Amino acid sequence: MSQAEAAVAGAGRATSPLWTFGILRSELTTMLRRWRTLALLGVLAAVPVLIGIAVRIETGDGSSPGPGGGGGGPAFLSQVTNNGLFLVFAALAVTLPVFLPMAVGVVAGDSVAGEANAGTLRYLLVAPAGRTRLLLTKYASVLLFCLVATLVVALSALVVGLLLFPAGEVTTISGTRIGFGEGLLRAGLIAVVVAASLTGFAAIGLFVSTLTGSGIAAMAATVGLLITVQIVDGIPQLSAMHPYLFPHYWMSYADLLRAPVYWDEVVKNLGLQGLYAAVFGSAAWARFTTKDITD
Amino acid sequence: MTESGTVTGPRAVTEPEPGAVIETRGLTKRYRGGQLAVDGLDLSVPGGSIFGFLGPNGSGKTTTIRMLMGLIDPTSGTARLLGHPVPAAARTVLPQVGALIEGPALYGFLSGRDNLLRYDSADPTADPRTRRARVGQALDRVGLAAAAGKKARAYSLGMKQRLGLAAALLQPRRLLVLDEPTNGLDPQGMREIRTLVRELAADGTTVFLSSHLLDEIEQVCTHAAVMAGGRLIVQGPVAELAAGARGRLAVTTPDPGDAARVLKELGVTGITADGDRVSAEAPPGDVELADLSAALVHAGVRLRSFGVERASLEDAFVALTGEGFDVAG
């Protein structure tokens with residue numbers, strides 16, 4: 001069959017609506033095959049290992065970790081020696097303010113701008129990927145990266161925790177005890193909530209990424225914004241703004257370790273992330289669908 | 001809403017596309033800085049042609065191509081691709097258009113084959129069941145099958161160019177838009193691409209070929225358009241364009257001085273002599289060339305050769321723009 005004949009046949013060919021998801025699969029595998037993504041995940045996996053080893057060394061003589069018997073340092077750290085599962089919560093507490101969102105900022109910031117920079121964006125668009133479809137695909141893959149990154153931290157922490165420390169019943173923040181199995185379930189729930197906490201910031205990164213044709217600039221701007229907002233969130237005089245800042249309720253995931261679970265702030269957090277995702281997702285869409293692609 | 005699935009009915013293979021495959025009306029692009037890149041372009045590319053799109057760098061060729069492919073919005077004017085308005089119906093029409101725009105762009109960390117798999121999966125009308133086979137065929141067609149497993153960052157410029165072409169050939173296309181397809185290729189590679197373009201055109205695919213290389217256009221194209229400074233200067237069949245410029249009368253003789261004098265007396269203009277070669281503007285059509293040669297011989301001028309050299313596209317271009325074809329930079 002000649003090219004033109006096939007093309008004519010192709011003009012009326014049946015296409016399956018399912019084929020549209022081929023780009024999502026391609027996007028995910030492409031993202032996960034980048035060296036940068038693997039390096040970020042590697043760093044995230046190393047954090048719990050470092051924490052676990054540090055705690056183990058410091059408590060090797062039987063004392064409790066940290067100066068003053070666990071008064072300082074990240075949340076949950078003092079309980080790690082009693083129960084390895086707590087390394088999961090401690091590692092998430094350590095990585096959530098900086099490491100996790102930084103990794104997400106790099107991936108989200110690069111998502112569109114990096115393709116523009118490499119020139120591959122124009123070929124995806126003439127394929128034709130469709131601008132809305134491509135943007136949705138990009139956001140979906142960044143969201144998946146949020147989940148993968150969080151799970152990498154949690155699983156690494158779980159393995160290290162169980163190797164270095166005893167396991168057993170979990171003492172909740174409220175003081176009650178739950179079985180190890182239920183503790184594991186709570187840990188899984190917490191990982192999902194932590195991943196969801198990053199969705200608002202991921203949308204910001206995607207929006208920034210549509211503004212520029214330089215992947216590096218988009219990554220730097222996104223991560224810079226994160227640091228700025230974190231600083232503002234730490235200044236008591238600006239407390240009026242705090243409830244509207246995307247990282248403000250991030251640490252609320254600890255409430256999932258109460259008995260009964262205290263949902264208020266978790267729900268506020270998820271609502272705030274949804275709001276950020278809607279606002280910056282729309283902004284990214286408005287920008288990307290009208291942009292002249294000249295790179 | 002796009003009008004997918006209602007594009008055309010079946011048609012014979014070699015029959016050219018009815019009407020124009022690319023048609024623009026007053027297409028204009030003014031960039032935000034105020035720079036007018038394309039100015040009132042009325043382009044018409046006939047179906048089944050190999051259409052050469054000529055112009056020096058910065059003349060607006062690439063901006064035009066980007067507007068045709070829906071990458072940038074025109075400031076004013078309209079463009080139709082295969083009968084559909086772009087960018088409005090871009091998603092309907094682009095699956096039938098293969099494109100190479102401003103050189104290839106690849107994922108360096110992916111192999112050549114994986115690059116093509118990625119581009120193919122971006123097209124929602126591409127059947128995933130035939131994806132691997134189609135990618136393999138495209139790689140074969142551009143002679144990259146042996147290097148398909150290599151990471152694209154290790155490719156030479158010529159290999160990247162071939163991979164870009166392969167991406168344009170992933171599906172059967174009705175139109176191919178190739179922006180400087182022979183860039184970075186050695187003479188052998190250029191010949192291969194020219195052969196490929198001719199094959200594709202023989203199959204009935206319309207090929208829109210932008211280039212700054214005049215002889216390349218002259219060798220493969222049936223039609224051409226010339227742009228300069230954002231404006232379309234001329235378009236039409238290559239033979240007509242070249243015919244528009246008058247050829248040169250060329251005389252080789254051991255007696256150049258006498259020859260020049262006799263020709264001048266016969267009313268021939270623009271005479272220049274260089275060694276034993278005298279050339280002049282070809283005389284108007286009503287002058288019989290044989291009379292000129294007879295007159296020369298009669299005046300005792302010995303002739304080694306005598307004739308009119310056909311005008312090249314370059315002559316036509318110089319005649320049209322009054323300037324050389326400067327492609328520096």
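All values derive from a computational prediction rather than experimental measurement.
- The backbone N or O of A/Thr120 lies less than 3.5 Å from no partner atom in the side chain of B/Tyr107, so there is not a single donor-acceptor pair.
- Interface remark: A/Glu27 contributes backbone and side-chain atoms alike to the contact with chain B (heavy atom separation under 4.5 Å).
- Of the two parts of A/Thr294, the backbone and the side chain both hold a non-hydrogen atom closer than 4.5 Å to a non-hydrogen atom of chain B.
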Chi angles and distances behind the salt bridge (Lys or Arg N to Asp or Glu O under 4.0 Å) call for A/Asp292, B/Arg32: CA-CA 10 Å; A/Asp292 279 351; B/Arg32 261 190 302 181; over 6 Å; no
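- With a 4.5 Å cut-off on non-hydrogen atoms, A/Arg131 touches chain B through its side chain but not through its backbone.
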Determine, stepwise, if the pair A/Thr290 / B/Asp73 fulfils side-chain contact (heavy atoms from CB on, under 4.5 Å). CA-CA 8 Å; A/Thr290 56; B/Asp73 271 333; 5.5 Å; no
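- A side-chain donor-acceptor contact under 3.5 Å links A/Arg133 to the backbone of B/Ala122.
- Residue B/Leu71 holds its CG atom at 10.0 Å from OH of A/Tyr123, rounded to the nearest 0.5 Å.
- Heavy-atom pairs under 4.5 Å with chain B were tallied for A/Ala118, A/Gly119, A/Gly22, A/Pro128; the largest tally goes to A/Pro128.
- For B/Glu199, no part sits under 4.5 Å from any heavy atom of chain A, backbone or side chain.
- Proximity to chain A is absent for every atom of B/Asp120, based on heavy atoms less than 4.5 angstrom apart.
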Might you work through the side-chain contact (heavy atoms from CB on, under 4.5 Å) test for B/Met69 and A/Leu125, ending with a clear yes or no? CA-CA 9 Å; B/Met69 303 307 290; A/Leu125 289 179; over 6 Å; no
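- Counting only distance, with no hydrogens or angles, the side chain of A/Arg122 and the backbone of B/Glu102 share a donor-acceptor pair below 3.5 Å.
- Heavy atoms of B/Leu106 lying under 4.5 Å from chain A belong exclusively to its backbone.
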Would you check, one step at a time, whether the test side-chain contact (heavy atoms from CB on, under 4.5 Å) holds for A/Trp19 with B/Asp123? CA-CA 9 Å; A/Trp19 294 356; B/Asp123 178 357; over 6 Å; no
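- A donor-acceptor pair is defined here as one N or O able to donate and one able to accept, closer than 3.5 Å; such a pair exists between the side chain of B/Arg66 and the backbone of A/Ile293.
- The heavy-atom pair separating A/Ile23 from B/Arg118 by the smallest distance is O-NH1, 4.5 Å.
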